[in-house]
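Atoms within a ligand are numbered from 1 in the order they appear, just like the ligands themselves. Just so it is clear, the structure is predicted and the values come from calculations on it, not from any experiment.
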Amino acid sequence: MDDPVIGIDLGTTNSAVGIVEAGFPILLANEEGERLVPSVVWFGPEGAVKVGRAALREPEANRTVRSAKRLMGQRFAERDQGVLRTLAAQDGGIALALPDRVVTPPEVGAEILKELKRIAEYRLEGPVRRAVITVPAYFNNAQRAATKLAGEIAGLEVLRLVAEPTAAALSYGMDKLDERSRVVVFDLGGGTFDVSLLELREGVFEVLATGGDTMLGGDDFDAALVAEVCARLEKNSCETGESERFRREAERVKCELSESEQSTFRVPFYDGTSSLEEGFSRAELEVLLEPQLTGMKRICGAVLVDAKVEPRDIEAVVLVGGSTRMPVVKGFAREVFGREPDCSQHPDEAIALGASIQAGILAGTWRKVLLLDVTPLSLGIETLGGLMNVLIPRNTTIPCKAGELFTNARDGQDRMRVRVLQGERELARDNWELGQFDLPFQPRVRGKARVGVQFSLDENGILEVLVRDVEGERDLVVEIESAAVDVSDAAVEQMVSESVDHAFEDMNARIFTEARLKAGELLPAVQEALREFGEDMEEGERDEIEAARGAVVEALEGNSASALKGAVEQLDEATEALAARVVEQALSGQLEDDKLNN
Ligand code: AMP
């Protein structure tokens, strides 16, 4: 095959690679016939590296890196506490301290990608240079950039980063659905839960909404089972050394209960003398998982609301991820979305197959379907009064562009500070800063400068900000690729739920700030107009204006948004006639000037 494009699922626990061959997507197996490569890298002495099962066989925990995907694009400040010691990398990201070297998450990802590239080259019997890689739909700019960097370190040109749910839907052959069909992709793996609602329009998939929890998955089910066993033993928690045995046994019992109604939790000589045998029924396990299922239900509900879709408008529900093998999870998906889920694909392979189809589309070996993703969080800039001004709302289909014109707030201001923000909160300070920079321009009087800000999000979800001084024709283009996004994956979800929790006070703060800014304009203007025209006004009108002005000044002292807004509106209304007089005077002054000039 000439210059093939491979599709890669770079997963937290397992990774896989595939390609479209003779019009069909297939996964490529290594020499042992395995199509899933554990996402584990062992960094041995003198630069030796092993990936996948070979790495798992190595005993030294302090040389073995797992789940590097969780650290991709993370800041040092928000590192996870794992077996390995973490350090701050030069760029502020995380580095992992091994006995004789230091590695960054993209370098670890690159080792996995190199292995997948090697498998593909072995199967295809030729060099592979280009790839499509999947990323979770909620990955932010920094995480996407880190994934792309991993590809580059591995010697791959990353043609596109594709959202995992879109890849999953593709692998289920969802492109054969009718126009405007809606598909839910329900992905529950070991450590994460993702749910996305896609819509097919003119042969193109659009993600209408996504939601999830990066800290919820099969591992939590195992933990719930271990906690129950400990409770039955009347222990608060397991002793060190026991916990890994208990966890492994819990996972085995959980998986067995997907096939049978009963299982037994067995740990021989767990405390050196006695053996443990605890029977579990499937129903008992399901009761233990109720808190997790309740959390999942809330997330699914939010996705439906976000997408403005009713369950009856959904054509297909696709299940992905190992934990969807559990009958309770299948039943849950059926109940929440009102239809039988499609489990026709291997849940561990669907995403890699979809990535391969997308690779085939780009290589021209596959037909028609295109993919579109959405923004996981809103993007905007800070404006006057510390407010968030959203340019691209959350869940907008990408690639996309949006812009707005802004002006200067002060006389003689000669630069504009652009703070690029990501998040759902009304006040800038509650959102995350992706970057900030200054656009210098000719000093002008207040309100006279015109500065356009345009955001372009490319198909990889990487943001480019163009700032233009319209008159001065000065441009500044900043790519927010490796910007400091001071957040963890979980914080993305936290942001969304906090915006819901604080919706009321946030909205009040916005209304108060907007009314305060308006008052800041109105009060001096009214003062000036009263000075000039006050003498000629009827007493009643003047008193009314004075009273309204007093009410605004008083409301500014307080903290009630509705009181201030009401007072400002009242002042605006009371000064309508006065404002008309000011305009009239200005116009006649202008006419006089014109006459004199002619
Ligand atoms: P993934 O991250 O998609 O590879 O999924 C891994 C998770 O799926 C782990 O928590 C496994 O315990 C879980 N899993 C795999 N097979 C089963 C099964 N038959 N029943 C229940 N959970 C399973």
N/O donor to acceptor pairs below 3.5 angstrom from side-chain atoms of residues 101-113, sequence neighbours left out:
| unit_1 | atom_1 | unit_2 | atom_2 | d |
| --- | --- | --- | --- | --- |
| Thr104 | OG1 | Glu107 | N | 3.4 |
| Glu107 | OE1 | Thr104 | N | 3.0 |
| Glu111 | OE2 | Lys114 | NZ | 3.2 |

With Phe265 via ring-ring contact (aromatic ring centres under 6.0 Å, His included) - residues at least two apart
Phe246
Identify whether the distance between the nearest side-chain nitrogen and carboxylate oxygen of Glu315 and Arg182 falls below 4.0 Å.
no
In chain-and-number order, ligand 1 lies under 4.0 Å from a heavy atom of each of Thr13, Gly189, Gly190, Gly218, Asp219, Glu251, Lys254, Cys255, Ser258, Gly321, Gly322, Ser323, Arg325, Met326
Salt bridge flag under 4.0 Å for residues Arg282 and Glu259
no
Please report, to 0.1 Å, the donor-acceptor pairs under 3.5 Å made by any side chain of residues 221-230, with sequence neighbours excluded.
| unit_1 | atom_1 | unit_2 | atom_2 | d |
| --- | --- | --- | --- | --- |
| Asp222 | OD1 | Lys254 | NZ | 2.9 |
| Glu228 | OE2 | Arg232 | NE | 3.0 |

Can Glu58 and Lys50 be counted as an ion pair, charged N to O under 4.0 angstrom?
yes
